Participant: 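My questions will all concern the structure given below.
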Number of protein chains: 2
Amino acid sequence: MGQGEAKVTAPAFDATVQLFAERQPGQPVDPQCPVRDVLDRIGDKWSTLILGTLATGPHRFSAVQRAIPDISKRMLTQTFRDLERDGLIARTVFPTKPPSVEYRLTPLGVTILEPLASLVRWANQSHAAIRDARQAFDKVV
Amino acid sequence: MGQGEAKVTAPAFDATVQLFAERQPGQPVDPQCPVRDVLDRIGDKWSTLILGTLATGPHRFSAVQRAIPDISKRMLTQTFRDLERDGLIARTVFPTKPPSVEYRLTPLGVTILEPLASLVRWANQSHAAIRDARQAFDKVV
DNA sequence: GACACAAGGTAATTAAGTGAGACCACAGAC
DNA sequence: GTCTGTGGTCTCACTTAATTACCTTGTGTC
């Protein structure tokens, strides 16, 4: 019934809002939208850390593990697989004495660094404000 | 020991890489970094959807529920609380006949729209490539 | 009086994500 | 001949996240 609740609160970010609202304000959201898909990927615990590590250049399995010490081999393997499946990283096996494996960003993988960096920038700028908001909220409740 | 694996693969995204690598390539990552904090927040299933909905203007509880039909009341309440705690949205109660509650983005909440939109843009541009990569991967494995 | 709506709360249940550690094959060093 | 390094896989246990279902308080409707 009613859907007159929506009016844009500021003109400055209209373009941004547009991106969220291909749909009209009152309309339901698409459950299969690519955005959800992407957020599921980068929303997990390790993907962004791995992408950030590979951003500095190709790494071998154990090199990434050294760079991110608190990741288990299991999660490292699994996250590598998921990223490879999505075409963000590539896996190359070298038939050396003990076979070594190198992971590197694909061209597609490189393109996600920019939006990711945009988020990292926001996080660094805003974490103080978030911390303060949390303290204020927790004090009241 | 060895940390000579890292060389930048392209010059174009050096600035991006910098953002990931306040740390040097071989060094471990900070487990308490604000980035992890932010990703935990926007990485959950509903936060971005709610932020996207509120981006079009203030909404009441049930208006958001209508906009995102497959969210349960419980998750809606909880996600609202979390976002409020982080200072991204504000909650206002109106003492009407049945009390109504309005949620709106705070100024801080507005600032996250841009990096989020950057990700949304990437998702829309890349989801075809990702879908193809998945199909190719799944065919082989 | 029975019903629904507003905006939730609570509890129990289920699903998903994460971690610890054992195991494997192979090579080379000691 | 045992030990270490590589890049995994496998199982079990644990911790979160998310869903379902039912309860509340107060007003208005039929």
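Note that the coordinates shown come from a computational prediction; the quantities given were computed from them, not determined experimentally. The basis for the numbers below is simple: all heavy atoms, side chains too, and nothing from hydrogens, waters or symmetry mates.
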Participant: Is there a side-chain contact between A/Leu88 and A/Leu105 in this structure, where contact means two heavy atoms from C-beta onward sitting under 4.5 Å apart?
Facilitator: no
Participant: Decide yes or no for B/Asp82 and B/Arg41: does some side-chain heavy atom of the first lie under 4.5 Å from some side-chain heavy atom of the second?
Facilitator: yes
Participant: Measure NZ/A/Lys73 against P/D/dG5 and give the value in whole Å, please.
Facilitator: 11 Å
Participant: Rounded to the nearest Å, what distance is computed from the CD atom of residue A/Gln78 to the C1' atom of nucleotide C/dA16?
Facilitator: 11 Å
Participant: Of all the nucleotides listed (C/dA7, C/dG19, D/dA18), which has the minimum atom distance to the side chain of B/Arg60?
Facilitator: C/dA7
Participant: Would you mind telling me which of D/dG7, C/dA7, C/dG19 lies closest to the side-chain atoms of A/Phe61?
Facilitator: D/dG7
Participant: Which whole-number value in Å describes the distance from B/Arg81 CZ to D/dA18 C1'?
Facilitator: 18 Å
Participant: Can you tell which of D/dG8, D/dT20, C/dG19 lies closest to the side chain of A/Val101?
Facilitator: D/dG8
Participant: Nearest whole angstrom, please: distance from the P of C/dG19 to the CD1 of A/Ile68.
Facilitator: 11 Å
Participant: Nearest heavy atom decides the nucleotide; on that basis, is A/Pro99 or A/Lys45 closer to the 5' end of DNA chain C?
Facilitator: A/Lys45
Participant: Check the phosphate of C/dG8 against B/Arg91, side-chain N and O only, distance under 4.0 Å to OP1 or OP2. Yes or no?
Facilitator: yes
Participant: What nucleotide among D/dA18, C/dA6, C/dT18 has an atom nearest to a side-chain atom of B/Ser62?
Facilitator: C/dA6
Participant: Check the distance between D/dG8's C1' and A/Glu84's CD and give it to me in whole angstrom.
Facilitator: 13 Å
Participant: Check every atom of D/dG8, D/dC10, C/dG8 against the side chain of A/Arg74 and return the nucleotide holding the closest atom.
Facilitator: D/dC10
Participant: Check B/Asp37 with A/Arg134, please: is the shortest side-chain N to carboxylate O separation under 4.0 Å?
Facilitator: yes
Participant: Round to the nearest Å and state the distance from A/Asp82 atom CG to C/dT18 atom P.
Facilitator: 10 Å
Participant: Is any side-chain heavy atom of B/Thr77 closer than 4.5 Å to a side-chain heavy atom of B/Met75?
Facilitator: no
